[in-house]
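Chain letters run A, B, ... following the sequence lines, proteins first and then strands; every chain starts at 1.
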There are 2 protein chains.
Amino acid sequence: MIPSWLTLRDMEYVVAVAKHEHFGRAATECCVSQPSLSTQIRKIESYLGAVLFERNNRRVSTTMAGRRIAEQAALILDEAGKIPNLLGHMAVPRFESLNLGFISSASSFIPFVLTDLKKAFRNIPLSLREGTTDDLVKQLKAGALDAVIAADTVKDVALKSTSLFFEPFVLAAPKGHPILRKSNLKPSDLRAAEMVLLEEGHCLRDQAIHICPKNRRGNPRTFHATSIETLRHLVASGAGYTLLPKLAANGKPMSNLITYVDFESSKIGRELVILCRAQAADQDPFSLLNRTLLKAIPE
Amino acid sequence: MIPSWLTLRDMEYVVAVAKHEHFGRAATECCVSQPSLSTQIRKIESYLGAVLFERNNRRVSTTMAGRRIAEQAALILDEAGKIPNLLGHMAVPRFESLNLGFISSASSFIPFVLTDLKKAFRNIPLSLREGTTDDLVKQLKAGALDAVIAADTVKDVALKSTSLFFEPFVLAAPKGHPILRKSNLKPSDLRAAEMVLLEEGHCLRDQAIHICPKNRRGNPRTFHATSIETLRHLVASGAGYTLLPKLAANGKPMSNLITYVDFESSKIGRELVILCRAQAADQDPFSLLNRTLLKAIPE
DNA sequence: TGGAATCATAGCTGTACCCTATCACTGATT
DNA sequence: AATCAGTGATAGGGTACAGCTATGATTCCA
């Protein structure tokens, strides 16, 4: 009968304790806390119905049974360790690590994709970075990033872009601000001089300015937020109104201070895309990445 | 590097699917549902970064990678299967299975001990039986039961009894019953003629009658409950009052119909004990059993 | 006697796995 | 052609359990 309650992790524990004869140090080696390891060893012992380690509060000693089990466990771990090698070239090419860039204004997209990403790329170190489009594109081309989520403003032959989804903009204004009296909100209702925006370099700033062409020459207020979060705080404290991507307005954060209003037309917004280096775009991991991100789109 | 996220169970899955090339049948063999198995295989594949099985909705075929992994998995399972044998005589003597008897009136004790029992005797088939003292003692002596939880009324040299705890009795009366007017409830307040009891053979019945000596000759009502549960129903429907062990009154079940009252003296009650065959009493598993039960005592 | 070292216990939390129900697809049967 | 049976995938929800921190109990040593 196969003891399917035994995990390879359990075997590491047994081997480690047998090696150190010390729970604390064994726990450190296994990267767990001492209580966790103690509990697990106890569990194993109670399953096996045998005492593997004699512990008398001052010294841990491995019993005969413990020694034998530990040896066998080491053997099994060894065999299990060979599994990844068995694949060799048969394994689909994968990312060594997955480094994703998000423009600041798309960071609200992260929570939606994170779970699925971790699932799809189990075992692969995942790092997310936030920044401006230019900054991220530079890093992407340099190879420091594998893919970037950005607005579809980038034209670069070295990059391939895959459409992700259209994200409408939403007006975020301090509660009671005059602009809120308008019904059927249109871009032309916005006055750049009344707006607070992200600082230079963030595409959301440019989009916000250009969305209402008549107002292009008004000077936006001199507050310069570097993240959506501070932008919201500025609005909340009455510094002016702003445009937010729909996802950033999700759940109406700070709704006691900020009012969120949809535009009359649902066409007001931006297209988000995935960017990756053109020559890498056809590789298997990228199609998995694209599929994963597309699947995670909210609504 | 050791893939400690792989479990032996996972390996069984891979081996089974490789063997049947059919998820449904493999799932049956592994005693899991087909979706569970599908998900796990998927998980393994995403960890390994390789496709182990080609499935095109009509047929499952094992890839080269899948075949190799399955072979190695089978080897590992084989090695793991040897573990229990390694113990041989070194294993502490254990129950093959643990068969516990509870007198009906102590069945409320079960939920308190169940979790700990399962923990202490992992892997060992556990069966609980309810019955009268005589019945259970007979089975215990015949070897059909390993231990019995009963009141301390049993005197039998072939059995050894270990004190468990003292459980007070509680009056359970239909809401509004005259007896509830008494404050400082004493055994002498009880009238056998007004009581409903378990049927002959249950020690709780005898205890209830004998607890109020003055009333021994009154005839209890002719309802005969065979379990605490029906006894409560009888009380709830107004058939009379009864005595319940404290644990059976725990959480005041049916409290819209039944009122529970403690006795003035906390001495009114019974001692619960663990019985086991005298010659077996010193064996290791029994001391573990005793310790486990003692630890699980409520309050 | 007090402090350091060490394993055990308690209580809580997050997550991975499992289940049921349902979907989506395919090939066969009428 | 249309329906049905067979199959794997997906969704949603519940639960068991390994993990954590904090604390306890015991022993050794100063």
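- Atom CG in B:Asp116 sits roughly 14 Å away from atom P in D:dA16 (whole-Å rounding).
- Applying the 4.0 Å criterion to OP1 and OP2 of D:dG8, one finds that B:His22 has a side-chain N or O inside that range.
- Rounded to whole Å, atom C1' of D:dC17 lies 12 Å from atom NZ of B:Lys118.
- Using a 4.0 Å cut-off between charged nitrogen and carboxylate oxygen, A:Arg232 and A:Glu229 count as a salt-bridge pair.
- Atom CZ of B:Phe53 is separated from atom P of D:dA9 by 11 Å (rounded to the nearest Å).
- With respect to the salt-bridge test (charged N to carboxylate O, under 4.0 angstrom), the residues B:Glu79 and B:Lys82 qualify.
- Side chain of A:Ser36, nearest nucleotide from C:dC18, C:dA8, D:dC20: D:dC20.
- Taking the charged nitrogens against the carboxylate oxygens, B:Arg42 and B:Glu45 have no contact shorter than 4.0 Å, which rules out a salt bridge.
- Comparing B:Arg42 and A:Asp10 against DNA chain D, the residue whose closest nucleotide sits nearer the 5' end is B:Arg42.
- A:Ser38 comes within 4.0 angstrom of sugar-phosphate atoms only, judged by non-hydrogen atoms across all strands, and of no base.
- For the pair B:Leu37 CG and C:dA16 P, the computed distance is 18 Å after rounding to whole Å.
- Taking the side chain of B:Gln40 as heavy atoms from C-beta on, and the options D:dA9, D:dC20, C:dC17, the nearest nucleotide is C:dC17.
- Counting only N and O atoms by type, the side chains of A:Ser287 and A:Asn290 include no donor and acceptor under 3.5 Å apart.
- We find that NE2 of A:His20 is positioned 16 Å from C1' of C:dC7, with the value rounded to whole Å.
- Per the geometry, CG belonging to A:Asn56 stands 13 Å off P belonging to C:dT6, to the nearest Å.
- The phosphate of C:dC19 (OP1 or OP2) has a side-chain N or O of B:Ser33 nearer than 4.0 angstrom.
- The nearest whole Å value for the distance from the CZ atom in B:Arg59 to the P atom in C:dG27 is 9 Å.
- A straight line from CD of B:Gln34 to C1' of C:dC19 spans 12 Å, rounded to a whole angstrom.
- Contact annotation: B:Lys43 side-chain N/O to C:dA16 OP1/OP2 distance is not under 4.0 Å.
- Two residues, B:Arg9 and A:Thr39, neighbour DNA chain C, and the one matched to the more 5' nucleotide by heavy-atom proximity is A:Thr39.
- B:Tyr13 comes within 4.0 angstrom of sugar-phosphate atoms only, judged by non-hydrogen atoms across all strands, and of no base.
- Nearer the 5' end of DNA chain D, as judged by each residue's closest nucleotide, is the contact made by B:Arg25, out of B:Arg25 and B:Pro35.
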* Asked: Given the rule in the side chain to side chain donor-acceptor pair (under 3.5 Å) test, do A:Arg270 and A:Ser105 qualify, once you have shown the distances and angles that lead to the verdict?
  -> CA-CA 11 Å; A:Arg270 59 169 184 190; A:Ser105 55; 2.7 Å; yes

